[in-house]
Amino acid sequence: MRRYTVTTAVTLCAVASLAAAMGPASAFPAAAPPAAHAVQQPALPVLVDCLWKPQVHPGDFMLACGDGNSRLASLRWSHWGADSAQATGTNLVNDCDPYCAAGTFHSYSVTVRLEDPKPWAKNPKMQQFTRMSLVYTDGRPDGFRQTMTYPLWS
């Protein structure tokens, strides 16, 4: 009999604790009904990173996914729209001298421009930027032009 009483008491305490943790349904605000005349705005295009995660306004972005020898850092976005996006930041590039594992990273100031949004293959309802241009504003890596344009993965 005592065993039944203890089991019942423990069960009732567990149920009471769960109910208290969940709270009454009135404690959660009801979802607002959609506005009668609201216009659904299309989502802005995204920048897809090396891990296939969509990003908007990233602070950093890996350019060389395979070896990490080139990345964008300290990005400050001045524009992110339906057709393009623009930021300033730093391109950190490994000189791979004498080889990449022993190389040195150098910083170059850049203006980044994203363009050419298209449906993302992984989620066709989402647009992704498919082209990136880097404009080097104060020096550039050996062998690079002042403006470098790259296709982005999709």
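All residue numbers in this chain count up from 1 along the given sequence.
- Applying the salt bridge (charged side-chain N to carboxylate O under 4.0 Å, His left out) rule to pairs touching residues 76-92 yields nothing, sequence neighbours excluded.
- Residues satisfying the salt bridge (Lys or Arg N to Asp or Glu O under 4.0 Å) test with Arg140, not counting sequence neighbours, are none.
- At least one donor-acceptor pair under 3.5 Å links the side chain of Trp80 to the backbone N or O of Pro45.
- Between Glu115 and Arg113 the shortest heavy-atom distance is OE2-NE, 3.1 Å.
- More than 12 non-hydrogen atoms from other residues, nucleotides or ligands lie less than 6.0 angstrom from CG of Asp97.
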Distance-only donor-acceptor pairs under 3.5 Å for side chains of residues 126-135, two or more places apart:
residue: Gln127; atom: OE1; partner: Lys118; partner atom: N; Å: 3.4
residue: Gln128; atom: NE2; partner: Trp153; partner atom: O; Å: 2.9
residue: Thr130; atom: OG1; partner: Asp116; partner atom: O; Å: 2.5
residue: Thr130; atom: OG1; partner: Asp116; partner atom: OD2; Å: 3.1
residue: Ser133; atom: OG; partner: Thr149; partner atom: OG1; Å: 3.1

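- Put simply, the side chain of Tyr108 reaches to within 4.5 Å of the side chain of Val93, judged on heavy atoms.
- The nearest pair of heavy atoms linking Pro117 to Ala82 is CG-O, 3.3 Å.
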The test is side chain to side chain contact (heavy atoms under 4.5 Å, CB included); show your working for Thr111 and Thr137 and say whether it passes.
CA-CA 7 Å; Thr111 298; Thr137 58; 3.8 Å; yes
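- When the side chain to side chain contact (heavy atoms under 4.5 Å, CB included) test is applied to Ala102, the partners found at least two apart in sequence or on another chain are Pro98, Tyr99.
- Applying the side chain to side chain contact (heavy atoms under 4.5 Å, CB included) criterion to Thr104, with sequence neighbours excluded, gives Asp95, His106.
- The two residues Trp77 and Leu114 have their closest heavy-atom pair at CH2-CD1, 3.7 Å.
- Side-chain contact between Val46 and Gln55 is absent, with no heavy atoms from C-beta onward closer than 4.5 Å.
- Closest approach of Ser107 and Leu92 over heavy atoms only: OG-CD2, 3.0 Å.
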Enumerate, atom names and distances included, each donor-acceptor pair closer than 3.5 Å involving a side-chain atom of residues 57-73, sequence neighbours excluded.
residue: Asp60; atom: OD1; partner: Ser74; partner atom: N; Å: 3.3
residue: Asp67; atom: OD1; partner: Asn69; partner atom: N; Å: 3.0
residue: Asp67; atom: OD1; partner: Asn69; partner atom: ND2; Å: 3.4
residue: Asp67; atom: OD2; partner: Asn69; partner atom: ND2; Å: 2.9
residue: Asn69; atom: OD1; partner: Asn94; partner atom: ND2; Å: 2.7
residue: Ser70; atom: OG; partner: Asn91; partner atom: ND2; Å: 3.2

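- No single ILVMFWY cluster, assembled from side-chain heavy atoms under 4.5 Å apart, contains both Trp120 and Leu51.
- In this structure, Gln86 CD and Ser78 OG are separated by 4.5 Å, a value rounded to the nearest 0.5 Å.
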